[in-house]
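Data block below; observations after.
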Amino acid sequence: RKLGDMEYDGLITDLTPKPQVRGGTIAKLEAATVLKRGTLLGKGDDGLLSIYGGTGTPDCILCDDTEVGTTDDTPVDVYAAGCFNPEKVTVAEGYTITQADKDKLRTYSIVFKAATPAP
């Protein structure tokens, strides 16, 4: 019996390290927006997550497209570990992930590896 469909988006590129999902909370924004699956999130001193742009600590990757509003913080599912395609991970506009960011994420078992082309 078919339970559903899944469209491969290329975000996860390997099963090692094993993808791990946990909960987090994204801080409310000044303007409501939809954050896309694969957004790199940083954690601030207050423990809340936001789109990573070089401040705070790079922490996790958003599991699903999520609407974040202006009045309340938003609970979300995030990848706390896994192997991800760097071309599918997004950060704040105008920012590029640095080697120092990758090194920090590696301590959490978040690694980047380009997708292998299909034969």
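Nothing fancy with the numbering, it's 1 onward along the sequence. Everything numeric here is computed off the predicted structure, so don't read it as measured data. Keep in mind that the numbers below use all heavy atoms, side chains included, and drop hydrogens, waters and symmetry copies.
- A continuous path of Ile, Leu, Val, Met, Phe, Trp and Tyr side chains, each step under 4.5 Å between heavy atoms, connects L49 with L35, placing both in one hydrophobic cluster.
- Donor-acceptor pairing under 3.5 Å is lacking for the side chains of Y52 and D59.
- One finds the SG atom of C83 at 15.0 Å from the NZ atom of K18 (value rounded to the nearest 0.5 Å).
- Follow the hydrophobic side-chain contacts under 4.5 Å out from L105 and you never reach V111; the two are in separate clusters.
- With respect to the salt-bridge test (charged N to carboxylate O, under 4.0 angstrom), the residues K28 and D73 do not qualify.
- At a threshold of 4.5 Å between non-hydrogen side-chain atoms, the residues Y79 and C63 count as touching.
- Note that CD of E67 and OG1 of T74 are 8.5 Å apart. Values are rounded to the nearest 0.5 Å.
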Original post:
When you look at R37 and L11, which way does the side-chain contact (heavy atoms from CB on, under 4.5 Å) test go after all the steps?
Top reply: CA-CA 8 Å; R37 168 179 162 82; L11 177 62; 3.7 Å; yes

Subject >> Derivation of the side-chain contact (heavy atoms from CB on, under 4.5 Å) call for F112 and V89 >> reply: CA-CA 9 Å; F112 295 101; V89 174; 3.7 Å; yes

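- Considering L62, D64, V68 in turn, L62 is the only one that fulfils the side chain to side chain contact (heavy atoms under 4.5 Å, CB included) rule with V76.
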**OP:** Assess whether side-chain contact (heavy atoms from CB on, under 4.5 Å) is satisfied between F84 and L40, documenting all intermediate values.
**Re:** CA-CA 11 Å; F84 302 94; L40 178 60; over 6 Å; no

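- Looking at heavy atoms from C-beta onward, R22 lies in side-chain contact with C60 at the 4.5 angstrom threshold.
- Judged by distance alone, the side chain of T13 and the main-chain N or O of K113 form a donor-acceptor pair under 3.5 Å.
- For E93, the CD atom counts as loosely surrounded, since its 6.0 Å shell holds 12 or fewer non-hydrogen atoms of other residues, nucleotides or ligands.
- For the atom pair OG1 (T25) and CG (D46), the distance works out to 10.0 Å, reported to the nearest 0.5 Å.
- With contacts defined as side-chain heavy-atom distances shorter than 4.5 Å, the pair I61/I110 qualifies.
- Between D9 and K88 no salt bridge is recorded (no basic side-chain N to carboxylate O distance below 4.0 Å).
- Contact check on R106 versus D103 returns a salt bridge, with a Lys/Arg side-chain nitrogen under 4.0 Å from an Asp/Glu carboxylate oxygen.
- The minimum heavy-atom distance linking G53 with A92 is given by the pair CA-CB, 3.7 Å.
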**OP:** Please test D101 against Y95 for side-chain contact (heavy atoms from CB on, under 4.5 Å), starting from the C-alpha separation and ending with a verdict.
**Re:** CA-CA 11 Å; D101 296 333; Y95 187 75; 2.6 Å; yes

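- The hydrophobic cluster containing I26 does not contain Y108, counting ILVMFWY residues as joined when their side-chain heavy atoms lie under 4.5 angstrom apart, directly or transitively.
- Looking at heavy atoms from C-beta onward, I97 lies in side-chain contact with K102 at the 4.5 angstrom threshold.
- Closest approach of N85 and A114 over heavy atoms only: OD1-CA, 4.2 Å.
- Here the straight-line distance linking atom OG of S50 with atom NZ of K43 works out to 11.5 Å at 0.5 Å rounding.
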